[in-house]
**Q** 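Mind having a look at this structure? Questions to follow.
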Amino acid sequence: MLGTACLCSATGASVSQVVMGAIQVYIVDDTGWDYGTLSLAVTAGTWCSGVLSPLAGAWADRYGPRVLTPLGLLAVGCALLALSAVNTATLWPFFVAYVVARTLSNPLLIGIVPRTATVNFFRRRRGVTLAINGMARPVGGAINIQIISLIAATHSWRASYGYVGLFMLVLTVPVFLIMRRTPEEIGMLPDGDRPAPGSEPATRSADGRRAGRRGQAGAQEFSWTAREAMKTRAYWCIAGTAVLAIIASAGLGYILVPFLVSESGPGLTNPQAVGVGSLGAVLALTTLIWGFMADKFGPRPCMVATISGAVLSGLFLAMGVHSVWTAYLFAVLWGFFSNTVGTLEHMLLAQYFGRGSFGAILGSLGPLQTGALGFAPVFGSYLLEFTHSYTAVFIVLMAMYAGAGMLILLAKAPRLPPRAMEGQADPSVAPATV
């Protein structure tokens, strides 16, 4: 299940922003379109995926990855085949096909659905497995950049999208055969546990909102509904953390290369500056380390540590980056601390609210997250224009990151809702301590 979810996430990354950033030069050279038009397609697809996220989250809880992931592969694969057939006469077929592909790939292949599957199938090792799943997108994006760019250089950008689309269609069948909604459907419990002798794994109640399990490890967990979760302070603190961290991180990333090559910065060459940004992205692999740490110490202390490290790294960028080697040192620090904040948020949501409605809870954050992602470059650019100082911009962004850390300190485990008391008479649905 985890391997299949990661493969689908890596494949879905073929329409991510980073891949489009690498292949857009081939599209512009061939069609004569401008880069601004292509960026509009990327932004529109990103925001549309945020609008779809709450619905995709509810679908993930109700139908599971066995239905949604093959449908996502089928739809995105057809959209990529449509991209491979566009001509240079009109722009709108490319725009529509790309927006559809990006809108569906984010929630169905990369984000909500595979992470909901991971939460459903793991509990004790949930931190590590969510970290592995979280690494699939950046690693898949890096692989896709190499493959798609190579095909685009030797054949054409249309051929590259066509081959990826065909691969997605072929992948649909094995994914349907492998994926399941919950481990109980195959007579197991989370983490591969077997039901205790003489008992059967408890399944979800008729409303699909509560799941209790008792296996070899005696694992028990209470699942909140999305409505119940949204009434807690912890949910809104986590949501606020996500928004502030995304704006700070994406805003810094948007103006990083211009700063590194500017006279007020270290004055790097363009290749050196791009190398610094790429190194920070590659260090997303360190998410696995934080996954192990989250399983041992809990996701909330790890989030405080990563946000604190990111703030110090950003301040180092503002005050101490004056040469090539200090720029690369910043990239190492920033990549190690900042890349895993989003994954730790998902771990904390799963720890606090359980797995029964995890998809709906995670999906409800989608509009906020994508809105922040789209707002970040504009905010960073206008702040730079207003202050005329990269240092001032970095300090403001790190202050926002520090605010995200304060919200996490306030995001203590919520008290279980009154409905939890109703299930205590039945030991199979006893609430877990969090």
Side-chain angles (χ1 to χ4, degrees), residues 16-18 111 127 130-139 141-142 238-260 273-294 299-321 326-348 365 368-370 372-373 375-377 379-380 383 390-391 393-409 411:
S16 64
Q17 291 181 358
V18 65
L130 277 173
I132 293 173
N133 186 271
M135 291 190 312
R137 183 195 60 79
V139 172
I238 295 173
T241 297
V243 170
L244 291 176
I246 288 173
I247 293 175
S249 180
L252 185 147
Y254 188 75
I255 63 174
L256 176 60
V257 171
F259 165 72
L260 293 176
V274 172
V276 171
S278 299
L279 177 60
V282 169
L283 285 171
L285 293 171
T286 59
T287 299
L288 187 59
I289 298 175
W290 289 107
F292 280 105
M293 297 286 286
R300 184 163 166 259
C302 290
M303 285 192 70
V304 173
T306 55
I307 291 174
S308 300
V311 171
L312 294 176
S313 301
L315 294 177
F316 172 69
L317 174 66
M319 307 296 185
V321 175
T326 54
Y328 277 100
L329 177 59
F330 158 76
V332 172
L333 295 173
W334 181 255
F336 181 73
F337 287 112
S338 69
N339 279 323
T340 192
V341 173
T343 301
L344 288 171
E345 289 169 4
H346 302 157
M347 298 177 194
L348 191 59
L365 295 178
L368 296 175
Q369 292 171 323
T370 55
L373 187 62
F375 174 72
F379 178 73
L383 188 61
Y390 284 103
T391 299
V393 174
F394 293 146
I395 290 176
V396 170
L397 294 178
M398 290 309 100
M400 297 179 70
Y401 232 137
M406 294 298 295
L407 288 176
I408 283 300
L409 289 175

**Q** Provide the closest heavy-atom pair for Pro299 versus Met347 in the form atom of the first, atom of the second, distance.
**A**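 Shortest heavy-atom contact: CB-CB, 3.8 Å.
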**Q** Would you say Met400 and Val243 make side-chain contact, with heavy atoms under 4.5 Å?
**A**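 No, too far: nothing below the 4.5 Å cut-off.
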**Q** Which pair of non-hydrogen atoms, one from Ala376 and one from Ala250, has the smallest distance, and what is that distance?
**A**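 Smallest interatomic distance, heavy atoms only, reads CB-CB, 3.5 Å.
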**Q** Indicate the atoms forming the closest heavy-atom contact of Leu244 with Leu407, along with that distance.
**A**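 Closest approach of Leu244 to Leu407, heavy atoms only: CD1-CD1, 4.0 Å.
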**Q** Roughly how far, to the nearest 0.5 Å, is CZ of Phe375 from OG1 of Thr370?
**A**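 Going from the OG1 atom of Thr370 to the CZ atom of Phe375 covers 13.5 Å.
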**Q** For residues Thr343 and Leu130, report the shortest heavy-atom separation together with the two atoms involved.
**A**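 Looks like CG2-O, 3.6 Å.
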**Q** If I compare all heavy atoms of Glu345 with all of Ala242, which pair ends up nearest, and what's the gap?
**A**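 Scanning both residues completely, I find the closest heavy atoms to be OE2-CA, 3.2 Å.
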**Q** What donor-acceptor contacts under 3.5 angstrom involve side-chain atoms of residues 301-309, with partners at least two apart or in another chain?
**A**
residue	atom	partner	partner atom	Å
Thr306	OG1	Cys302	O	3.1
Thr306	OG1	Met303	O	3.0
Ser308	OG	Val304	O	2.7

**Q** Between CE of Met398 and CG of Leu252, what distance do you get to the nearest 0.5 Å?
**A**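 Met398 atom CE to Leu252 atom CG measures 5.0 Å (nearest 0.5 Å).
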**Q** Under 3.5 Å, side chain of Trp290 to main-chain N/O of Phe336, donor-acceptor pair present?
**A**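 Such a contact is found between Trp290 side chain and Phe336 backbone.
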**Q** Output all residues satisfying side chain to side chain contact (heavy atoms under 4.5 Å, CB included) with Ser338, sequence neighbours left out; order by chain, then residue number.
**A**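 Scan of Ser338 (side chain to side chain contact (heavy atoms under 4.5 Å, CB included), adjacent residues dropped) gives Ala310, Trp334, Tyr401.
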**Q** Would you say the ring centers of Phe259 and Tyr390 fall short of 6.0 Å from each other?
**A**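 Yes; Tyr390 has its ring centre under 6.0 Å from that of Phe259.
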**Q** Is it true that atom CZ of Arg300 has more than 12 heavy atoms of other residues, nucleotides or ligands lying nearer than 6.0 Å?
**A**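 Counting neighbours around CZ of Arg300, more than 12 heavy atoms of other residues, nucleotides or ligands fall under 6.0 Å, so yes.
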**Q** Between atom NE2 of His346 and atom CD1 of Ile238, what is the distance when rounded to the nearest 0.5 Å?
**A**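 With rounding to 0.5 Å, NE2 (His346) is 10.0 Å from CD1 (Ile238).
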**Q** For Thr326, which residues count as a side chain to side chain donor-acceptor pair (under 3.5 Å) partner, sequence neighbours excluded?
**A**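 Side chain to side chain donor-acceptor pair (under 3.5 Å) check on Thr326 returns Ser323.
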**Q** Working to the nearest 0.5 angstrom, can you tell me the gap between Ile246 CD1 and Gln369 CD?
**A**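 Atom-to-atom, Ile246:CD1 and Gln369:CD are 4.5 Å apart.
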**Q** Does some side-chain heavy atom of Val332 sit less than 4.5 Å from a side-chain heavy atom of Phe337?
**A**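 When only atoms from C-beta onward are counted, Val332 and Phe337 do not touch, as no gap falls below 4.5 Å.
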**Q** CD1 of Ile408 to CG of Leu344: how many Å apart, nearest 0.5 Å?
**A**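 Ile408 CD1 to Leu344 CG: 9.0 Å, rounded to 0.5 Å.
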**Q** Return the CG to CG distance between Leu317 and Leu329, rounded to the nearest 0.5 Å.
**A**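 Leu317 CG to Leu329 CG: 11.0 Å, rounded to 0.5 Å.
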